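Contents: one structure, followed by commentary.
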Number of protein chains: 4
Amino acid sequence: MTNDAIDALQALIGQPFTEGPSPLGRWLGGVLRAAEPGSISMAYTVREEMTNPAGVLHGGMIASMMDELIGMTVFTTTGRYHASVNLSIDYLSSARVGDVVICTTRIVRQGRQIVHAEASLTREDGKLLARATSNLLARD
Amino acid sequence: MTNDAIDALQALIGQPFTEGPSPLGRWLGGVLRAAEPGSISMAYTVREEMTNPAGVLHGGMIASMMDELIGMTVFTTTGRYHASVNLSIDYLSSARVGDVVICTTRIVRQGRQIVHAEASLTREDGKLLARATSNLLARD
Amino acid sequence: MTNDAIDALQALIGQPFTEGPSPLGRWLGGVLRAAEPGSISMAYTVREEMTNPAGVLHGGMIASMMDELIGMTVFTTTGRYHASVNLSIDYLSSARVGDVVICTTRIVRQGRQIVHAEASLTREDGKLLARATSNLLARD
Amino acid sequence: MTNDAIDALQALIGQPFTEGPSPLGRWLGGVLRAAEPGSISMAYTVREEMTNPAGVLHGGMIASMMDELIGMTVFTTTGRYHASVNLSIDYLSSARVGDVVICTTRIVRQGRQIVHAEASLTREDGKLLARATSNLLARD
């Protein structure tokens, strides 16, 4: 199943991710950049409704992109449903409306019960905006 | 200034929070429940676009509610702009479309440079859904 | 088993904790203050070898007291072995050699697989030094 | 100053770290493996008093090694004192008495006020035991 799921993702590279099973994922409106077992990259364009009072990409939106993409990576890689146990995010720099930001995930350790994964968010110019780690528990 | 900001918030208790300065905050669409120096409570109704593929409130939306409300609490309490340094969230239970969830914040330590705050999210029936801690850096 | 374990702990209140099963716990040398299902308090006296170059209680020692006591709380409360999945600590203030610091734990959610717990560290004068949250996975 | 501090460290590579300014650091008893601006590696041998009731390297000792080495890295790289704001650790695997474990740090972002750093701990056989991130605040 895993390979099929990754293959299916790879067929969508470069296209807006409008048909995925995640309602918030569709609202975020990413464009898939890369997918392989254990790692996915998705590009998002910052919209005004994604910003905070300072006019920059909201910390909660950064968390949303990361949690969404980590979940997708774990499901397509393991073929099993997992629930996020925790998500720990460090904010390093900011992005503004119209900026394209790229979220990239990596499964660090794939245990039988717990998967440990990380995510980073960068601007197109390579500037690192945020990093996160998450632990997820297999639900079946 | 602090007291004025809290007074202004208290005048909005019970009303939809549609005029705030945060674009994402307006999209989240909360209703203010309580506001005092160092603590704010806001109720949100879970909409379909806030959910994940499992049909439950997305972890990123929980982060959004918490980061949004912590930021509002720190600004109205201190009168100064702060940037989130980090946000660490633990997920404990889930909510579904139509559920009302209540986010409540508390400033634990108000330092000159760093403010340490926490947030919890509960369902209306009192079930604890998530908890978070955050450190914020004064920007001026 | 749980009640027996708590009863056994309560018989040790006020005594140096020199016979416990944890080698590092014995080295830390705490004195039990309180024990009940889901919560334990232990007092530690800061020794010179527990400090950092700034002459204050080392962040790693704070982590050690918290991880040790959370583990003890989870084992005596659930009767099962758990492994720490993560530990997230926020440092708020400092203590010096000779200070007595009190670590207090609380199980926030006792799930079948994951236990979510927190710990705080305060000085005898009530000053809050640090807080932590941890998720632990049942190993059997 | 930075280069001098790194040079001084590099002269100690391969030697037990018995003369450092950190009392806990001396107790941990590491052997310096590598030092450059923004990154240090130190090897530690697991002693019995560093273990937990399960007979494995205590989570608090892992935190101690990481917090100690991150602090050393930030001081020698920036030449300024910093205080740890937070430390977030994920535990991935375990080590036993007699094992040699290697802690390696990296400064991810060196800001004027906040330094963001990470650490990993591996066994000599390359097995990843734990990872951490930390934010530190300049104190002067």
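Proteins come first, then strands; the chains are lettered A, B, ... in the order of their sequence lines, and each starts at number 1. Just so it is clear, the model here is predicted, and its values are computed rather than measured.
Summarising the geometry of A:M50 relative to B:L24, their closest heavy-atom pair is C-CB, 4.5 Å, with the distance given to 0.1 Å. Heavy-atom minimum distance, A:N52 versus B:P23: O-CD, 3.8 Å.
Among B:S22, B:G71, B:A63, the residue with the largest count of heavy-atom pairs under 4.5 Å with chain A is B:S22.
Neither the backbone nor the side chain of B:R47 comes within less than 4.5 Å of any heavy atom of chain A. Heavy-atom distances place the side chain of A:R139, and not its backbone, under 4.5 Å from chain B.
Close approach to chain B, defined as a heavy atom under 4.5 Å from one of its heavy atoms, is seen in A:S84, A:V85, A:N86, A:L87, A:S88, A:I89, A:D90, A:Y91 of residues 82-93 of chain A, taken by number.
Side-chain contact between A:M61 and B:S64 is present, with heavy atoms from C-beta onward closer than 4.5 Å.
For CD of B:Q15, the number of neighbouring non-hydrogen atoms (other residues, nucleotides, ligands) closer than 6.0 Å is greater than 12.
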